[in-house]
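Inspection log for the structure reproduced underneath, given as C-alpha cells.
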Amino acid sequence: MEPVVYVKDLQKVYELGESERVTALGGVDLKIESGEFVAVMGPSGSGKSTFMHIVGLLDEPTSGIYRFEGSDASALTADERADIRSRRLGFVFQSYNLLSRTTALENAELPMIYSGVPEADRRRIALEKLAIVGVESLRDHAPNQMSGGQQQRVAIARSLVNNPGLILADEPTGALDTKSSKEVMELFTRLNREEGITILLVTHEPEVAAYAKRIITFRDGLVVSDRLRHGEPVESGKVAA
Ligand SMILES: Nc1ncnc2c1ncn2[C@@H]1O[C@H](COP(=O)(O)OP(=O)(O)OP(=O)(O)O)[C@@H](O)[C@H]1O
Ligand SMILES: [Mg+2]
C-alpha cells in the first residue's frame with residue numbers, strides 16, 4: 001500500500017521583498033503509513049505549520065516531492081487538490097473553526113455538503129460521528145453554548161464525516177485546559193486505535209505528544225529527531241506501524 005504521506009527533500013522558501021528569504025523547510029524526508037499516530041514538535045518558527053499546510057494541500061512546496069496516498073501533489077489541478085482536501089483530509093484547528101450560530105449537527109454536516117453526500121445521508125453520518133466523539137447530546141447546541149473541549153470534539157466529528165485517509169491537527173489542544181486536553185488526546189488515541197484513523201498533529205507540549213506512537217521533531221526547517229514513543233529511532237524514510 002502507498003504511504004499516506006511521502007515527502008522527499010521538501011523545501012519551502014518564502015521570499016520577502018528583494019533580498020530577504022526565509023527557509024521554512026530546508027529539505028524534509030518523511031513517510032507516514034496508514035494507521036500511524038504522529039506528533040510533530042519543535043520550537044516556534046521551526047516549520048511545523050508550513051509542513052502541515054503542504055501536507056494538507058493548502059500550500060505548495062518550493063521544491064521537492066509530496067505524494068498523498070500515492071498521488072503526486074505537484075501534478076494535481078486546483079480542482080483535484082480541493083477534491084482531495086474535502087474527501088480525503090480532515091482538519092482540526094486550535095481555534096475549532098466552527099460556524100457560529102450553527103448547531104453542532106449542522107457544523108458536522110458541512111464537509112459533506114462540499115463533498116456532495118446526498119442530503120438524506122448527511123444527518124445520519126453526522127450524528128454517527130458526533131456519537132463516536134461523545135457529543136451527540138449537544139447536537140442542537142451552537143458553539144457559544146459549548147465548552148472549548150466540547151467544541152473541539154464537534155470539530156473532530158466534523159473532520160471525520162468524509163472518512164478521511166488522514167486527520168491533520170495543528171495545536172488541537174492549544175486553547176484547552178489540562179483536563180480537556182487530556183480528553184481530546186484520549187479521543188484521538190481511541191480513533192487511531194479503534195477506527196484505524198491516521199493522525200498527524202502538531203503540539204508544543206510533551207504531555208500531549210506522549211499520546212502519539214511516533215514523535216517527529218523539527219528545528220530550523222529540518223527533521224532533527226524521529227522516534228517511536230518508547231524511544232527507538234525511526235529509520236529515515238522507513239516507518240513503523
Ligand atoms: N506566509 C509566510 N510568509 C513569510 N514567512 C513565513 C510565512 N509563513 C511562515 N513563515 C516563516 O517560516 C518559518 C516557519 O514558520 P511556521 O509557521 O511553519 O513555524 P511553526 O513551527 O509552525 O511555529 P509555531 O510553533 O510558532 O506555530 C518562520 O520563520 C516563519 O516566520
Ligand atoms: Mg505553527
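No hydrogens, no waters, no symmetry mates; every other heavy atom, side chains included, goes into these values. Each ligand, and each atom within it, is numbered from 1 in the order the structure gives.
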**Closest candidate by heavy atom, reference atom 26 (O) of ligand 1, pool Pro43, Gly45, Ser44** = Ser44
**Request:** Mark up the atoms of ligand 1 that fall under 4.0 Å of a heavy atom belonging to Gly47, in ascending order.
**Result:** 14 (C), 18 (O), 19 (O), 20 (P), 21 (O)
**Message:** For atom 31 (O) of ligand 1, is there a protein heavy atom at a distance under 4.0 Å?
**Reply:** no
**Prompt:** Looking only at non-hydrogen atoms, which of Val22, Thr23, Leu16 approaches atom 29 (O) of ligand 1 most closely?
**Reply:** Val22
**Complete:** Closest to atom 27 (O) of ligand 1 (heavy atoms only, candidates Gly221, Ser49, Gly174) is Ser49
**Asked** From atom 6 (C) of ligand 1, is the closest protein heavy-atom distance below 4.0 Å?
**Response** yes
**Asked** Would you say Gly42 touches ligand 1, if touching means a heavy atom closer than 4.0 Å?
**Response** no
**Fill in**
Ranked by distance from atom 21 (O) of ligand 1, the top protein heavy atom is Lys48 NZ, 2.8 Å
**Asked** Can a donor-acceptor pair be found between the side chains of Asn162 and Lys129 at a distance below 3.5 Å?
**Response** no
**Distance-only N or O hit between ligand 1 and Ala24, under 3.5 Å** = no
**Request:** Find all atoms of ligand 1 within a distance of less than 4.0 Å from any non-hydrogen atom belonging to Thr50, and give their numbers and elements.
**Result:** 14 (C), 15 (O), 16 (P), 18 (O)
**Request:** Please report the C-alpha distance between Lys48 and Asp170 in whole Å, then the side-chain angles of each, then the deciding distance to 0.1 Å, and finally whether the salt bridge (charged side-chain N to carboxylate O under 4.0 Å, His left out) criterion is met.
**Result:** CA-CA 8 Å; Lys48 306 181 297 295; Asp170 198 345; over 6 Å; no
**Asked** Would a distance-only check, ignoring hydrogens and angles, find a side-chain to backbone donor-acceptor pair under 3.5 Å from Gln152 to Gly149?
**Response** no
**Message:** Counting the benzene-type ring for Trp, do Phe51 and Phe218 have ring centres under 6.0 Å apart?
**Reply:** yes
**Asked** Between His204 and ligand 1, is there a nitrogen or oxygen pair with a distance under 3.5 Å?
**Response** yes
**Item:** Verdict with reasoning, Lys8 to Asp29, per salt bridge (charged side-chain N to carboxylate O under 4.0 Å, His left out)
**Value:** CA-CA 4 Å; Lys8 185 83 191 153; Asp29 296 347; 3.5 Å; yes
**Request:** Output the list of atoms in ligand 1 that are nearer than 4.0 Å to some heavy atom of Ser46, sorted by atom number.
**Result:** 19 (O), 21 (O)
**Request:** Start with the C-alpha gap between Glu186 and Arg190, add the side-chain angles, then the distance that decides, and say whether salt bridge (charged side-chain N to carboxylate O under 4.0 Å, His left out) holds.
**Result:** CA-CA 6 Å; Glu186 282 164 1; Arg190 185 161 61 78; over 6 Å; no
**Fill in**
atom 10 (N) of ligand 1: closest protein heavy atom, distance to 0.1 Å, is Tyr14 CE1, 3.4 Å
**Message:** Under the side chain to side chain donor-acceptor pair (under 3.5 Å) test against Lys12, which residue among Asp59, Thr50, Thr62 passes?
**Reply:** Asp59
**Item:** Considering all heavy atoms, the nearest Ala209-Met41 contact
**Value:** CB-SD, 3.5 Å
**Message:** Would you say the Mg ion (ligand 2) has Ser44 as a near neighbour, meaning an N/O/S atom of that residue under 2.8 Å away?
**Reply:** no
**Prompt:** Is there side-chain contact between Tyr66 and Leu57, with at least one heavy-atom pair below 4.5 Å?
**Reply:** yes
